[in-house]
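We name chains A, B, ... by the order of the sequence lines, and we start the count at 1 in each one. Because only heavy atoms are used, hydrogens play no part in the values below, and waters and symmetry mates are left out as well, while side chains stay in.
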Amino acid sequence: MDGASPLEQYLERCGEQFKDDLSTSPQLFTSMSPYDVDLPIQTTEDVLFSSQFNQSKELPADFSSVDLSFLPDITQDNKEQNLSGDSHEMQKELDGSIPRNEDSGIFMDESSSSYPDATQPSPEASDVCPPLTPMTPMTPVTPASESSGIVPQLQNIVSTVNLACKLDLKNIALHARNAEYNPKRFAAVIMRIREPRTTALIFSSGKMVCTGAKSEEQSRLAARKYARVVQKLGFPAKFLDFKIQNMVGSCDVRFPIRLEGLVLTHQQFSSYEPELFPGLIYRMVKPRIVLLIFVSGKVVLTGAKERSEIYEAFENIYPILKGFKKAS
Amino acid sequence: MAAGGSCPGCGSAALVEDAHYAQQQLVCASCGCVLAEGLLTTTYAEEEHLREVAYSQSTGQKEQLSRCLQRGIRRVQDLCKVLQLPTVFEETAVSYFQRAVQHPSFHLVSLEKKELLGGCCVFVTCRQHSWPLTMGTICSLLYAKQELFASVYLSLQKELELSVPALSLADLVKTHLNSFRLFQHAADVPAPFVEDKEKMVTRTMQIVELASETWLVTGRHPVPIVTAAAFLSWQSLQPAARLTCTFARFCKVAGVDLPPPAHLRLKELLEILLRMASQLAWLRVFKMDKKTVVKHIGDLLQHRIFLLKNAFCLEDEEERCATALGEHSPVSPPAQEEGCPAEGKRQREGGPGPLLPPCLTNPRKRLRTAAPSASDLAITGDEPISDSEIEQYLRGPEEIRAFRQAKAWP
């Protein structure tokens, strides 16, 4: 029957580790898809990402606009300060209202509070308007249902940029302190910088992949720093087609989840194979996000191109998970 | 089929139907006289084509299948025969395999992966018919690396959009116990070790159900749990004789592998049983430990629903207990539910605690990624980059010289 092969032991150990050590798992999972986008990035869209970017995003059509002007106003500053707070409980009330505010914003509903110009990245304090911008809104289920009050934290951002010049990798590895190059193992230079703490893969074609940043802006800054390093090494590097390819977030719902039950009711979306991996892999269709749900209540969300997709996906899954809390 | 009649040449009745090359002939066995040629039917079409042609040959089916595909199909069929699966399974598995190989994502994979693909198709078929086959079994039959099997299986599931129901533990228990060699007297099995199969299967099933109710099964590999449960049930059926036997020895005698996680599962099961035992009235007087509780497993299982409710604060209380544990602050005890603790401290005294998966009750120390600080959040991505910062990453000329000498760059 089953052999206790070293591989099974290894998978078991990985399984235990994954359950408990989620801070490293997002890194592992981004390796699944940083390269699955076509690297010759021919996108003509100018990526001054965030605000303008999100404006052109296709809006979900299945929710009617609702009047949410009764909700307290949350500005960008407030929300971000809250994110850096220690306990979720504190933010619960404030964060709970964020989704709806943003939703009202994007839907441009006349009845909801007015929506400021999306190109402003920094909001004013005590604004009458709901927070804008880098976020496209979440789709509320109904105004009556409570939102989770938990905001997923971004753990990793993968982005690509085109330096638009051929590079001599050996030269770069020789002249740069923070570079490693092992052509037999991988055909790219692996470069790291300390601030923001990121890693870049630089290919001889001039394309570069930047991973490890915790926010879109950090990723862009890091990519620019790498481009600057390459410039200083004597190559005519440019900074074209910067694009966020993948975003990974994680959060904790704080109650254990019956994965066997979840896979029964949501069979068409879930894949739960305890022999392979201790978590349940939930492929949400809208937005197109993959969620890893663990028995401890930790959830990892990946596959997003925008921050709002992660938030939206979590808001969609939270009521489903809550349904499995009581059923034990 | 010999036609009635006698040979005109010699008169014998021994007429044989034979094929001369591809032509059917009716020949006399004694003298060799050919009585008739062609098929002994009157169908026009068959008389026209005076050859027996197999359907697959006439439609060119075999030629259409590439050798690789044929080999793969044969492998799938052999696998089904080895596992003694019903013929229905074989047909389904072959059809999945054919679909998979046509699929663009599998068309060009390595031969190794194509071999695994056949195994995956068999595995999926078994799962869909609730036949308890574990991945470990298939991997060992295919001599495959489990990681590779896992990746092929997941991509197969995604590409063909197959819905694969979960492995049913009940069936797995029965199948796994079938491989234990404890149910008959044999030379290498000591007399006190032999056990009645029905009793052991029932009890193991109950213990596995208990494990799944108490969060020991979710997210874990199923086979070690079944093995640990089998060991406990076997011990509890004749505790006097068997308490001294270790887990490893049990598996060796039973002829079954001992997977490493099974020890941990055994420990967790015993902990759960001990907690339940603390609620059983006539056991409270005894000081229970991991050895002695085995003797009372029968009673514990009989009253398990009642004991679980008392030993752990379940359901509605879970939330309150969990938050209490998390915040370390007293929570006002509920009105109706009996025995719900105020905080985690009481749990250590042996009072009822929340029923949580082991990963939550023994959280390992791990680095928490710090929440983004205010300075991190203020980054816009367009800040100016100072030259000094970039220069720290570049090597000076002496360094390059030294490096060149050390590494001898080609």
Side-chain angles (χ1 to χ4, degrees), chain A residues 1-5 7-9 11-12 15-16 19-21 23 80-81 83-85 121 153 155 170 174-178 193 196 214-221 224-225 228-229 232-233 254-256 258-260 263-264 267-268 271-272 274-276 278-279 294-297 325-326 328, chain B residues 134-137 140 145-147 150 153-154 157 163 165-166 176 179 212 215 218-223 256-261 314-315 318-319 322 326 355-357 359-360 363-364 366-369 371-374 376-377 379-383 385 389-391 393-395 400 403-404 409:
Chain A
M1 274 281 183
D2 292 29
S5 67
L7 265 159
E8 279 190 45
Q9 302 173 32
L11 281 176
E12 180 72 33
E16 312 272 9
K19 269 186 296 185
D20 297 350
D21 188 1
S23 47
E80 283 170 350
Q81 277 160 20
L83 273 177
S84 56
Q153 202 183 352
Q155 303 289 352
K170 271 213 196 97
L174 178 61
H175 287 88
R177 286 195 182 123
N178 54 344
I193 58 174
K214 298 269 190 241
S215 78
E216 303 92 319
E217 297 85 6
Q218 277 188 22
S219 191
R220 187 187 163 82
L221 179 62
R224 283 175 56 224
K225 289 192 181 174
R228 192 66 93 72
V229 171
K232 286 228 184 269
L233 290 171
R254 301 197 170 253
F255 52 82
R258 290 264 172 219
L259 301 178
E260 308 94 344
V263 77
L264 277 177
Q267 200 174 38
Q268 61 271 50
S271 157
Y272 170 54
E275 294 178 75
L276 291 183
F294 296 89
V295 67
S296 56
K325 177 164 116 178
K326 303 284 183 184
S328 56
Chain B
T134 55
M135 286 191 196
T137 315
S140 58
K145 295 184 280 220
Q146 195 166 30
E147 294 164 331
Y153 169 71
L154 288 174
Q157 196 185 11
S163 72
H176 195 59
S179 61
S212 71
W215 295 105
T218 313
R220 268 90 176 270
H221 203 288
V223 173
V256 161
D257 285 327
L258 174 57
L314 298 168
E315 304 200 16
E318 259 184 66
E319 192 184 20
L355 185 56
L356 291 177
C359 59
L360 286 181
R364 287 194 230 159
R366 44 183 242 258
L367 320 125
R368 281 184 195 277
T369 48
S373 63
D376 280 348
L377 296 167
I379 292 182
T380 60
D382 290 313
E383 284 105 340
I385 303 169
E389 190 188 343
I390 302 296
E391 256 139 45
Y393 293 121
L394 302 179
R395 288 208 173 105
I400 296 178
F403 216 75
R404 266 219 178 95
W409 280 97

Open item on the list: With a 4.5 angstrom heavy-atom cut-off, is it the side chain or the backbone of A/I193 that approaches chain B, or both, or neither?
Closed with: both
Open item on the list: Is A/Q268 close to chain B through its backbone or its side chain, or both, or neither, when contacts mean heavy atoms under 4.5 Å?
Closed with: neither
Open item on the list: Can you confirm whether B/L394 sits close enough to A/R177 that some side-chain heavy atom of one is under 4.5 Å from a side-chain heavy atom of the other?
Closed with: no
- [ ] Specify the closest pair of heavy atoms between B/P357 and A/P256, including all atoms of both residues, with the distance to one decimal.
- [x] CD-CB, 3.4 Å
Open item on the list: Closer than 3.5 angstrom, by distance alone: can the side chain of B/R220 be matched with the main-chain N or O of A/E275 as a donor-acceptor pair?
Closed with: no
- [ ] Provide the closest heavy-atom pair for B/C359 versus A/V295 in the form atom of the first, atom of the second, distance.
- [x] SG-CG1, 3.9 Å
Task: Check: A/R220 and B/D382 side chains under 4.5 Å, non-hydrogen atoms - done: yes
Task: Separation of B/T380 OG1 from A/Q218 CD (nearest 0.5 Å) - done: 11.5 Å
Task: Closest approach of B/Q157 to A/S271 (non-hydrogen atoms, all atoms of both residues) - done: OE1-OG, 3.5 Å
TODO: Say whether, by atom type as modelled, one donor and one acceptor occur between the side chain of B/Y153 and the main chain of A/L276 under 3.5 angstrom.
DONE: no
Open item on the list: Apply side chain to side chain donor-acceptor pair (under 3.5 Å) to residues B/T218 and A/E260 and explain how you reach the verdict.
Closed with: CA-CA 7 Å; B/T218 313; A/E260 308 94 344; 2.8 Å; yes
Open item on the list: In the structure I gave you, are the side-chain heavy atoms of B/W215 and A/R258 within less than 4.5 Å of one another anywhere?
Closed with: yes
Open item on the list: Before you tell me yes or no, could you show the steps for A/L174 and B/R404 under side-chain contact (heavy atoms from CB on, under 4.5 Å), namely the whole-Å CA-CA distance, both residues' side-chain angles and the distance that decides it to 0.1 Å?
Closed with: CA-CA 8 Å; A/L174 178 61; B/R404 266 219 178 95; 3.3 Å; yes
